[in-house]
Amino acid sequence: MSINEFIMNNEPQIRMTFFFGMLVIMAVWELVAPMRQLSVSKMVRWGNNLGIVFLNSFLIRLLLPATAVGIAGFASEHGWGILNYFDMPFWIAVIASVIVMDFIIYLQHVMVHAIPLLWRIHRMHHADIDFDVTTGARFHPIEIFLSMFIKFATIIVLGPPVVAVVIFEIILNATAMFNHSNIKLPKTVDSILRLFLVTPDMHRVHHSVEDDEANSNFGFSLPWWDRMFGTYRNQPRAGHIKMKIGIHKFSDSKQVSWLPGMLMLPFKGKISDYAINRRQWNKKDDSDAN
Ligand SMILES: [Zn+2]
Ligand SMILES: [Zn+2]
């Protein structure tokens, strides 16, 4: 059996193993060296945030006949995609694919903040008033489907090796859990890690209620895109302990911490609310959130 066949036959198990492995590692780390005190009990947070994860996996299995790995296998069999047109060492194709796919995720993340309709879908991720490992997996089902279609399109155009797609998904999953975790890293370790990886301190800035801070640090795995495109911000103004996390005006726990309210978040408020440069909350009228 080739490596591609092995991956295609065992992909769900491979991903589940990495997901739960990383979850356990980060959960223990958060217990040993926490950064901030959580404002909502862990039982409620974990029950609801992980509830979304199970709902999303269930919906994807039910409604999507293809997987990213399946599409990559199909594309390479048919010679589709830019990388399949060039002769290059396999490992270069793998590294290039992982980097390009990470860049696309960065662009997608900027886009869901910039376009009002997409921000509605993405704000479920930001409405979390705490920031821990489960925040990293908390995305609205509509956003998960949008991500899948963007990923499929990227794979068809790029033609990455199947192995690269699996490596990318595992890295993205693991780094999302790492950089959302409520852990305290020594400043020097953080600044060295930041040269090649998005750290929890770097991504926490992105979860600030302050609009200029939330509209920075869009990267998930590689920190370079933010620096290259001018969206990098070093630290939150109020400091990591004092900064407020979440979305201004969204503080009702039924809406931000419990699954049914979270799922309804895209349908709340006015359509133009809260995209880049169009936020309303500093104005007098604070009443349209609920
Ligand atoms: Zn975001
Ligand atoms: Zn985030």
Side-chain angles (χ1 to χ4, degrees), residues 19 22-23 26 30 35-36 38-40 45-46 48-50 52-53 56 102-144 146-147 150 171-183 185 190 193-194 197-223 225-226 229-233 235-236 240 243-250 256-257 262 265-266 269 273-279 281:
F19 174 77
M22 197 63 187
L23 185 66
M26 294 322 303
E30 285 180 344
M35 183 64 157
R36 291 162 56 100
L38 299 180
S39 45
V40 178
R45 293 182 48 62
W46 283 53
N48 288 281
N49 285 358
L50 293 179
I52 283 280
V53 176
N56 285 339
D102 190 68
F103 176 55
I104 300 293
I105 291 278
Y106 165 83
L107 288 181
Q108 179 189 334
H109 194 184
V110 174
M111 184 179 79
V112 297
H113 275 253
I115 299 174
L117 185 73
L118 299 182
W119 164 250
R120 291 176 159 261
I121 298 161
H122 182 58
R123 68 186 175 187
M124 198 200 92
H125 179 65
H126 283 265
D128 199 338
I129 52 175
D130 286 308
F131 181 89
D132 78 1
V133 56
T134 62
T135 313
R138 175 189 149 127
F139 290 94
H140 198 279
I142 302 172
E143 184 165 17
I144 295 288
L146 177 74
S147 302
I150 291 173
I171 290 178
L172 184 70
N173 208 243
T175 53
M177 288 201 269
F178 170 71
N179 64 37
H180 284 89
S181 64
N182 182 36
I183 57 166
L185 281 176
D190 178 88
L193 272 182
R194 257 189 216 210
L197 191 68
V198 175
T199 63
D201 279 6
M202 182 175 161
H203 193 69
R204 196 179 294 105
V205 178
H206 181 72
H207 279 260
S208 166
V209 292
E210 303 291 338
D211 53 359
D212 55 342
E213 292 180 342
N215 286 322
S216 57
N217 298 2
F218 294 97
F220 267 96
S221 300
L222 298 172
W225 316 121
D226 284 298
F229 293 96
T231 50
Y232 178 69
R233 192 175 281 262
Q235 306 292 343
H240 288 284
M243 69 180 285
K244 262 188 100 176
I245 284 173
I247 303 177
H248 197 82
K249 293 196 292 186
F250 289 84
V256 298
S257 304
M262 282 153 63
L265 273 172
D273 260 9
Y274 229 82
I276 285 178
N277 294 337
R278 289 180 67 182
R279 296 190 178 191
W281 61 266

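Whatever order the structure lists ligands and atoms in, that order sets their numbers, starting from 1.
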*For the Zn ion (ligand 1), count the protein N, O or S atoms found under 2.8 Å away.*
5
*Start with the C-alpha gap between Ile247 and Val256, add the side-chain angles, then the distance that decides, and say whether side-chain contact (heavy atoms from CB on, under 4.5 Å) holds.*
CA-CA 9 Å; Ile247 303 177; Val256 298; over 6 Å; no
*Indicate the ring-plane relationship of His207 and His126, choosing parallel, tilted or perpendicular according to the 30° and 60° boundaries.*
parallel
_Under the side chain to side chain donor-acceptor pair (under 3.5 Å) test, residues paired with His140 that sit two or more places apart_ = none
*Compute the angle centred on the Zn ion (ligand 2) spanning NE2 of His180 and NE2 of His203, and express it rounded to 10 degrees.*
90°
*Taking only residues two or more places apart in sequence, or in another chain, which ones meet Arg233 in a salt bridge (charged side-chain N to carboxylate O under 4.0 Å, His left out)?*
Asp212
*asked:* Ignoring hydrogens, what is the shortest heavy-atom contact between Phe139 and Asn56? Give both atom names and the distance.
replied: O-ND2, 2.9 Å
*With sequence neighbours left out, write down each residue that passes side chain to side chain donor-acceptor pair (under 3.5 Å) with Asp128, or none if nothing qualifies.*
Arg45, Asn49, Thr135
